[in-house]
Trainee: 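A single structure is presented below for examination.
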Amino acid sequence: MKQNKVNKIDFELLQKIQINESNVNLSWVLKFPNYHELQSFIFQMPFIDLKILQSKYDIQGPCHIITNNQIQFPLLQIAEGILIFQKYKCLFLSDCIIEKQKFVCHQSQLFLIKISHNQGRLVLIFVHPVSQREWFKILKLSGKQNNFLQKYRINEVIMSNIFSVLLKRKNKKYVAQIYKKNDIKSKEQNEIINNYIKILKSGKIINYYPVLSIFEDTETISIITYQFIGKTFESLLLSEQTSITQMNLAFIICSVLQCLKCLQDEELFHGYICLENIIMANILGSLQIYLINSNYKPYNINNLNFYLNSIPNYLIAPEILSLQDQPSVKSDIYQLGMIFLIVSFFAKGQSYNRQYISKIFQSRVELIKQQEINFQQNKNSDFPYLFSACQLDLIKKMTENDPNKRISVNDALKHAWFINTKDKLKSSKQQSINRNLPSLKTIIEMVEQSEYDIRRKSSKLSIIQQGKNILECATSLQQFDFNAFQQQQDANYVVVKSLESQNEIIDEDHEISNLIFKLNDKQFRMMPSLLSHFIQDKNQDRLTYPNNHLTQFQD
C-alpha cells in the first residue's frame, strides 16, 4: 500500500497571515529574562549544503527565529520530508522531534514550533495561532513527536512489538509498532531503525506501512498506522485452523515481489525477509500484505559483519556470505526464495524449528529433484503446499547460488506459476458458477449479497443523517494483476482512499467519519480460505466465515 496524504491548507489565508507576521516587531521579546527559551541553536544542527530544485512545496514562507540574540526572518520551505533553510541548507525532519509550545509574556503570547535534534534546535516563532497550526500540520507528518503516552493508550498485543492503541481524545483505534530503546544495542541498529522510518515516511514503497505519525520518547519509538487485524506469515503457517491454498501462497509471494520491485526502483532493499516480517492484515475487509522491519543501510565490505551476525545463515545469500557482494534486491530475492522453499515443503503438525529449517536448507536440492520426478510421473507432491512443477521451477530460480543466474524481480513477477494460478482460479470460478446448488452460495453471490447489504445500510444511514456526506467503505478485495505493477497505481490506494476525502489531512488530529467502523465492526470481510481464523464467534467454538469478497486473483 502506498501512502497517500492529502494536506488541507488554506494557502490564501496563510499568505495573508504571513504578511502580518512579517510586519510584526518582536524586539520587545529580547527584554524578557526568559527569552532564551526562544533561542535557536541552528548552526549546531546537521544541515546539509545542498540546493534542491523543487517545483512544489508542502508549505513555504518566512518565519521569525532568534539566533545569537538577534531576530531573523529567514525563508523556510518543506518538501518531501525535508526542511529547506534559505534555499540552500537542508534538514531531514525524520531525525527531529517536533513540538508545539506557547511563550507567554504578561498579556502577550507567542506560538512556537520547536524542531529539536540531538545536536541543536530550531524554534519557529509565530504571532498568529493559525500560522503555528498550519506549519505544525505539515511538520509532524515528516518529523517525530514526543507525547505518545499522553495521546494514546495501549490496548492489546497484535503480534511481536505491534499493538492496538486508542487515540484518547478521538476514541479511535490505530496500530502502533513500538521499539524499546533498551533493545537497541548498537549504533548500527539505531541507524537501521531510522532508515526504516525514513522509508516509511517517504510513502513511496507499496506494501510498507502507510505511516500516520512517528513518536520518539525517552524509552520508545512508535510508528502509528491504521487499525488492522493481522497475523504474521509464520503464525498463518503454524495455524491448525487454516490451510494455505495455491492462490493464497501465490498472492503472498507476488505481493512481496511487488514490494521488492518498488524498493529496487528507489535503489533500496529490505535485507531481512523472513516469515515473521511478512504480515497479513485485514483492513476494512481488504487483505493487505505488509513487509516490516527492513534491515536497510549502505553496507560495504568493511561493515558487513553486523549484517552477517544479525541475519540467520539460511537467509544470507552466498555472494554475501563469501564477501563478494553487498545486500541488494538480488539477495532479497534469495531470502524470499528460501521462505518460499520452507513453506512449500512444510506439512501440518510438523515442528517448525531450527532443526527443520536446517534439514530443508541442507537437503533442498534432493527434495526438489524428488518432487520433480513425482510431477513428471503425473503424481502429486509429497507436501501439501507444493502444488506444481512450475512452483518448483520458481523456487529453484529464486534460490540460485549464482547471483548472475538468479531470477530478477521483474522476471519473477512474470513467472508462469502466477499466470497458471490465476488461470486455475478462473476455471474453478467458472465451474462453481455453472453448478446448480441452491443451498450453497458461490463466491460471486456472496459478493453481490454483501454489496446489497452495504448499500441498504448506507441508504438507511443517509436518511437518518439527513443527507450528510458519508465515506464509502471498501466493499471488495483489491483486484490483483500479475502484470507490471498495476497494483501500485490502482488497487493499493483503495484502503487509504476509503479513509480519506480529497481535502482531508490524514493524521490522528483530523475528524474522520465513524461509519466505516460501524459497518465493519461486526463483520470483517476477508478471503475465507486464508484469514478466516482472524474472526472468532465469541459465543461459539466455531469459526465465522465472511461471505462477501472476491479473491485476490480475480479479473
Side-chain angles (χ1 to χ4, degrees), residues 160-161 183-193 195-196 199 205 207-208 232-234 237 252-253 256-257 259-264 266-279 291-346 351-368 392 394-409 411-412:
S160 178
N161 88 323
D183 295 335
I184 303 174
K185 304 297 183 181
S186 65
K187 180 180 178 181
E188 287 84 358
Q189 277 182 288
N190 189 63
E191 180 184 357
I192 285 171
I193 292 175
N195 288 341
Y196 177 47
I199 294 172
I205 311 300
N207 296 330
Y208 267 38
T232 64
F233 198 0
E234 181 183 30
L237 183 66
I252 294 168
I253 299 299
V256 178
L257 283 171
C259 182
L260 297 185
K261 170 68 167 61
C262 195
L263 286 168
Q264 180 176 264
E266 298 295 327
E267 298 183 353
L268 301 168
F269 60 88
H270 185 274
Y272 193 5
I273 299 174
C274 60
L275 288 171
E276 298 91 335
N277 287 340
I278 301 174
I279 292 179
L291 196 56
I292 64 171
N293 297 332
S294 70
N295 200 310
Y296 173 79
K297 63 169 291 188
Y299 288 101
N300 55 53
I301 298 299
N302 298 323
N303 66 1
L304 268 180
N305 283 338
F306 175 79
Y307 181 87
L308 295 174
N309 293 329
S310 60
I311 306 297
N313 286 338
Y314 74 97
L315 292 178
I316 301 177
E319 67 271 18
I320 299 176
L321 199 59
S322 61
L323 303 180
Q324 294 179 356
D325 205 351
Q326 292 81 46
S328 64
V329 169
K330 281 187 178 181
S331 57
D332 284 347
I333 290 288
Y334 180 86
Q335 289 184 343
L336 182 59
M338 290 304 304
I339 295 302
F340 195 9
L341 173 75
I342 288 170
V343 173
S344 298
F345 286 92
F346 186 80
S351 297
Y352 180 72
N353 50 32
R354 291 182 180 179
Q355 288 75 19
Y356 165 74
I357 293 173
S358 178
K359 177 184 176 182
I360 296 296
F361 178 68
Q362 293 176 5
S363 60
R364 64 186 186 278
V365 176
E366 292 78 12
L367 283 170
I368 290 174
L392 278 175
L394 180 56
I395 292 172
K396 286 170 61 178
K397 289 178 177 178
M398 293 178 71
T399 56
E400 169 63 50
N401 288 336
D402 186 346
N404 296 321
K405 296 180 181 179
R406 192 176 304 147
I407 192 170
S408 68
V409 65
D411 290 340

Trainee: Would you find a donor on one side and an acceptor on the other, under 3.5 Å apart, between the side chain of Gln189 and the backbone of Ile184?
Mentor: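 No: the side chain of Gln189 does not pair with the backbone of Ile184.
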
Trainee: Could you measure the distance from the CG atom of Leu304 to the CD1 atom of Ile311? Nearest 0.5 Å is fine.
Mentor: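 Those atoms lie 11.0 Å apart.
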
Trainee: Between Leu275 and Thr232, which heavy-atom pair has the shortest distance, and what is it?
Mentor: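 Looks like O-CB, 3.9 Å.
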
Trainee: List the residues meeting side-chain hydrogen bond (donor to acceptor under 3.5 Å, both in side chains) with Tyr314, not counting sequence neighbours, and say none if there are none.
Mentor: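 By the side-chain hydrogen bond (donor to acceptor under 3.5 Å, both in side chains) rule, Tyr314 matches no residue at all.
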
Trainee: So which atom in Leu323 and which in Ile301 form the shortest heavy-atom distance, rounded to 0.1 Å?
Mentor: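 Closest pair (atom of Leu323, atom of Ile301, distance): O-CD1, 3.4 Å.
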
Trainee: Measure from the ring center of Tyr299 to the ring center of Phe306 and say whether it is less than 6.0 Å.
Mentor: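 No.
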
Trainee: Taking everything shown except Glu366 itself, do over 12 heavy atoms lie less than 6.0 Å from its CD?
Mentor: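 More than 12 heavy atoms, drawn from other residues, nucleotides or ligands, come within 6.0 Å of this atom.
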
Trainee: With sequence neighbours excluded, what pairs up with Gln324 under the side-chain contact (heavy atoms from CB on, under 4.5 Å) test?
Mentor: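 Residues passing side-chain contact (heavy atoms from CB on, under 4.5 Å) with Gln324: Ser322.
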
Trainee: Taking the ring of Tyr196 and the ring of Tyr296, is the distance between their centroids below 6.0 Å?
Mentor: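 For Tyr296 and Tyr196, the ring centres are not under 6.0 Å apart.
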
Trainee: Can you check whether Lys359's main-chain N or O pairs, donor with acceptor, with Ser363's side chain at less than 3.5 Å?
Mentor: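 Here the side-chain-to-backbone pair exists.
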
Trainee: If you measure from the Lys or Arg side-chain nitrogens to the Asp or Glu carboxylate oxygens, is any gap between Lys297 and Glu191 under 4.0 Å?
Mentor: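 Counted as a salt bridge, because a side-chain N and a carboxylate O are separated by less than 4.0 Å.
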
Trainee: With no hydrogens and no angle check, is any side-chain donor or acceptor of Asn277 less than 3.5 Å from a backbone partner on Tyr272?
Mentor: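 Between the backbone of Tyr272 and the side chain of Asn277 there is a qualifying donor-acceptor contact (under 3.5 Å).
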
